[in-house]
Amino acid sequence: MTNALLSRTALAAIFLAGFSAAGSAQDLSIALADDPDALDPVTNRTHVGITVMGVMCDGLLTTDEDLNFVPVLAESWSWSDDGLALTMNLRQDVTFQDGTPFNADAVKAGLERALNQPDSQRAADISSISSVEAPGEYEVVVNVSEPSAQLLSKFAERVGIIFSPTAIEETGAADIGAAPVCAGPYAFDERVAQDRIVVKKVEDYWNADAYAFDTVTFRVMPDDSVRLANLQSGDVDIMEKLDPSNVDVVEQDPNITVEPVAVMNNQALMYNLEQDGPFASADVRNAFELSLDRNAINQVAFGGRYLAGNQVTPPNSQYYDPATPMPERDVEGAKALLEQAGVEMPVEFEILVPNRPLSVRVAQMMQAMSQEAGFATELNVVDFATTLQMTEDGNFTAWGPIGPQFANDPDAVAFQVLHSTGSRNLSRYYSDEMDALLEETRTQTDPAERVEVFHKVAALAAADEPVTYLYHMPQIYAYDSAIEGLTYTGDGFLRLVDVTRAE
């Protein structure tokens, strides 16, 4: 079972061919909605962290905008006939940014770190890996304990970003995220917390001619209006997460290009199921869901540009279960469920909300809607980094709206949140039935059968309600119209290969 040579060759030509960029030193400025956590593919938890690492670092694979796998540091790959061994052949003209050779031993060490480091956020993603071998200098064999339908998608995301083993040894695995060293077009230069991250072009990078900018500066601007104002003034070139309510106006500006990128993701309210109280009851959680009008939230908060939904994948996805449709708002039905649960009304409820304008806007609407159905909902609005620590410590009743990063496979938005070992199972949800279903989604390599298993996952999640899924958002970029050649991975991250600024 070998990946198609024609497709691989054609896509590689599209993504890896470059041209020389002449002229004086240039900086590309990108406005981020949050300050990333550790810039380490093994421990990173945030979407913006992937944005930065994706610019700095090559991965083993990437995806094109149609989610086809594209070779980068792994030039080719093939599965054994029994589906239990994946062989990857690596590029031979690559070094890490500290001069350490990139080879099979480095990949082996990187994958083993993702599996075994105590604070790894990736271990559950690749738990099927039983061993990694390096039989040749540029040949890696990944052995799995069972067929793994999700594994290539992981290698096209953070797991596939390999750090220099020399740098890890010198810095320490726990601290490498503060001074990352990977193999890629831009090397880490400096970071000022809550302000900026700067990376510099690597002149001896194997594909350096395809990168026109000498530096890339990521500027941290949590306020949506501030990011937009800086774009409009020319102080930044690209901004992520344009407020959808501003799209119609911004599109009228000939100096700015707006580009919504459709990607797999969800935004949800996550409950803490280990906390004593009324929300330990699925009836109470389902009552809160019935109090909400998702379509109204989408229209008012997002100008109708998002997609309301009640499952881990959006309604237009093949993985969405049509037998479990999104419920209409039913205030009386919500009250009946609360009475059935035997809880005292109004039910006191606090939602931990990241201090982002859109998140606060949605939370305020949920607060108003739920109060009509018998809830006394309060909002605790704090900065995003603090919410990460509070949820890690279990110091919350509910958290949201929040969701998994944009994904290149439904495993990334389902397993990590709903499986008992998932790295983002902050609800502390545990179900033997759910664990078995999610494990089957990984071992089921027949695409049609895998879809059916995901339908069962959706139905069980709707019944147990460990999270309340709210909506699905495109990644909306806005950028200076002088920027040319931007492309995106299938999970909605920027690619700067062959990107230039017109004179």
Side-chain angles (χ1 to χ4, degrees), residues 1-3 40-45 50 53 57-63 69 71-90 102-165 168 173 176 182-183 407-425 435-445 450 453:
M1 294 182 286
T2 305
N3 53 306
D40 178 357
V42 171
T43 61
N44 170 263
R45 291 174 55 192
I50 306 175
M53 287 187 289
C57 308
D58 285 340
L60 294 171
L61 314 175
T62 188
T63 53
F69 293 120
V72 187
L73 295 180
E75 290 191 311
S76 63
W77 56 90
S78 61
W79 283 100
S80 61
D81 289 342
D82 60 6
L84 297 179
L86 174 68
T87 299
M88 294 184 289
N89 298 302
L90 307 178
F102 172 81
N103 54 29
D105 287 335
V107 173
K108 180 177 186 294
L111 296 181
E112 289 175 344
R113 185 168 82 94
L115 271 172
N116 301 321
Q117 187 166 306
D119 59 348
S120 173
Q121 297 292 312
R122 310 283 88 78
D125 291 341
I126 55 173
S127 58
S128 61
I129 296 179
S130 56
S131 65
V132 184
E133 302 172 18
E137 186 174 4
Y138 299 103
E139 182 183 7
V140 177
V141 177
V142 180
N143 299 302
V144 292
S145 57
E146 56 193 6
S148 300
Q150 86 293 352
L151 194 59
L152 283 176
S153 70
K154 305 304 179 185
F155 290 163
E157 211 243 21
R158 281 170 290 194
V159 173
I161 296 175
I162 307 298
F163 273 14
S164 163
I168 292 172
I176 190 65
C182 56
N408 59 19
D409 185 88
D411 180 86
V413 291
F415 192 101
Q416 63 174 327
V417 174
L418 297 174
H419 194 277
S420 61
T421 66
S423 62
R424 289 177 60 83
N425 182 3
D435 280 1
L437 287 171
L438 289 168
E439 289 159 13
E440 187 179 353
T441 67
R442 290 185 159 188
T443 58
Q444 180 53 260
T445 56
R450 191 170 185 243
V453 181

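Values reported hereafter were calculated over all heavy atoms of this structure, with side chains retained and with hydrogens, waters and symmetry mates removed.
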May I ask you to test the [X]-[Y] pair for a side-chain heavy-atom distance under 4.5 Å?
X      : Y      : value
Val107 : Leu60  : yes
Phe155 : Met88  : yes
Thr87  : Val140 : no
Trp77  : Pro71  : yes
Val144 : Trp79  : yes

Return the minimal non-hydrogen interatomic distance between [X] and [Y], and the atom names on each side.
X      : Y      : result
Leu90  : Ala74  : CD2-CA, 4.2 Å
Ala124 : Phe415 : O-CE2, 3.9 Å
Val141 : Ala85  : CG1-CB, 4.3 Å
Asn44  : Ile50  : OD1-CG1, 3.9 Å
Glu112 : Val132 : OE2-O, 4.0 Å
Ile126 : Leu151 : CG2-CD1, 3.8 Å

What's the separation between atom [atom1] in [X] and atom [atom2] in [Y], rounded to the nearest 0.5 Å?
X      : Y      : atom1 : atom2 : value
Glu133 : Asn143 : CD    : CG    : 4.5 Å
Cys182 : Ile162 : SG    : CD1   : 10.5 Å
Arg442 : Ser128 : CZ    : OG    : 7.0 Å
Thr443 : Gln150 : OG1   : CD    : 9.0 Å
Gln117 : Thr43  : CD    : OG1   : 7.0 Å
Leu152 : Leu86  : CG    : CG    : 5.5 Å

Any donor-acceptor pair under 3.5 Å from [X] side chain to [Y] backbone:
X      : Y      : answer
Arg450 : Thr441 : yes
Asn425 : Thr421 : no
Asn103 : Tyr138 : no
Ser120 : Ala123 : yes

Next on the checklist: Apply side-chain hydrogen bond (donor to acceptor under 3.5 Å, both in side chains) to residues Ser76 and Asn89 and explain how you reach the verdict.
Outcome noted: CA-CA 5 Å; Ser76 63; Asn89 298 302; 3.0 Å; yes

Presence of salt bridge, [Y] and [X], under 4.0 angstrom:
X      : Y      : value
Lys154 : Asp409 : no
Arg113 : Asp40  : yes
Asp105 : Lys108 : no

Item to check | Flag for Ser420-Asp435: side-chain donor and acceptor within less than 3.5 Å | outcome: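 Looking only at side-chain atoms, Ser420 and Asp435 do form a donor-acceptor pair, the distance falling under 3.5 Å.
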
Item to check | Verdict with reasoning, Phe102 to Ser164, per side chain to side chain contact (heavy atoms under 4.5 Å, CB included) | outcome: CA-CA 8 Å; Phe102 172 81; Ser164 163; over 6 Å; no

